[in-house]
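Heads up: the structure comes next, in structure tokens.
Excluded from the calculations below are hydrogen atoms, water molecules and symmetry mates; all remaining heavy atoms, backbone and side chain alike, are included.
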Amino acid sequence: MSLSGKQKRFLRAEAHALEPVVMVGKEGLTDTLVSAVQAALLRHELIKVRVHESSPVERAEVAEQLPELTKSELAGQVGRVLILYKRHPHEPRINLPKDKA
């Protein structure tokens with residue numbers, strides 16, 4: 001699934017009031033971190049992930065790899081904060097706007 005520009009704008013607006021729920025720290029992108037992100041996405045659908053300065057992985061690299069590892073979509077990035085979205089498989093809570101055909 002690929003998000004359109006309109007859908008990304010919508011998700012960024014929805015995420016504005018959210019606090020980061022997962023932090024990428026000095027350990028970098030570990031299996032435990034990926035599992036935590038997957039669990040948070042399953043629970044919330046839309047989350048923020050903060051990349052700390054102590055992370056050995058650059059934020060651009062995290063923005064590229066984390067969505068692939070979690071099979072989610074990058075809705076946006078503001079500084080060291082990533083906004084990730086993954087539709088809940090059974091009970092989606094967020095209704096994305098449709099693009100005009």
Practice task
Apply side-chain contact (heavy atoms from CB on, under 4.5 Å) to E19 and K48, showing your working.
Solution key: CA-CA 6 Å; E19 292 294 321; K48 284 184 176 178; over 6 Å; no
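- K86 pairs in a side chain to side chain contact (heavy atoms under 4.5 Å, CB included) with only one of the listed residues (V37, L41, T70, I47), which is L41.
- In this structure, the side chains of L42 and H88 come closer than 4.5 Å at one or more pairs of heavy atoms.
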Exercise for the section: Determine, stepwise, if the pair Q77 / V81 fulfils side-chain contact (heavy atoms from CB on, under 4.5 Å). Expected result: CA-CA 6 Å; Q77 180 179 354; V81 177; over 6 Å; no
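- Judged as a side-chain hydrogen bond (donor to acceptor under 3.5 Å, both in side chains), and not counting sequence neighbours, the contacts of E61 are Q65.
- You'll find the side chain of L11 reaches within 4.5 Å of the side chain of I94, heavy atoms only.
- Note on V34 and M23: separate hydrophobic clusters, where clusters join Ile, Leu, Val, Met, Phe, Trp and Tyr whose side-chain heavy atoms are under 4.5 Å apart, directly or indirectly.
- Criterion: ILVMFWY side-chain heavy atoms under 4.5 Å apart, direct or through other members. Under it, V78 and F10 are not part of a common hydrophobic cluster.
- Hydrophobic cluster membership differs between V21 and Y85, with clusters built from Ile, Leu, Val, Met, Phe, Trp and Tyr side chains linked at under 4.5 angstrom.
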Problem - Chi angles and distances behind the side-chain contact (heavy atoms from CB on, under 4.5 Å) call for L29, L66 - result: CA-CA 8 Å; L29 289 175; L66 196 55; 4.0 Å; yes
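- Under the 4.5 Å side-chain heavy-atom criterion for ILVMFWY residues, no single connected hydrophobic cluster contains both V49 and I83.
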Exercise for the section: Output, in order, the C-alpha distance, side-chain angles, deciding distance and verdict of side-chain contact (heavy atoms from CB on, under 4.5 Å) for V24 and V57. Expected result: CA-CA 9 Å; V24 180; V57 185; 5.5 Å; no
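- For the atom pair E68 CD and L74 CG, the distance stands at 11.0 Å (nearest 0.5 Å).
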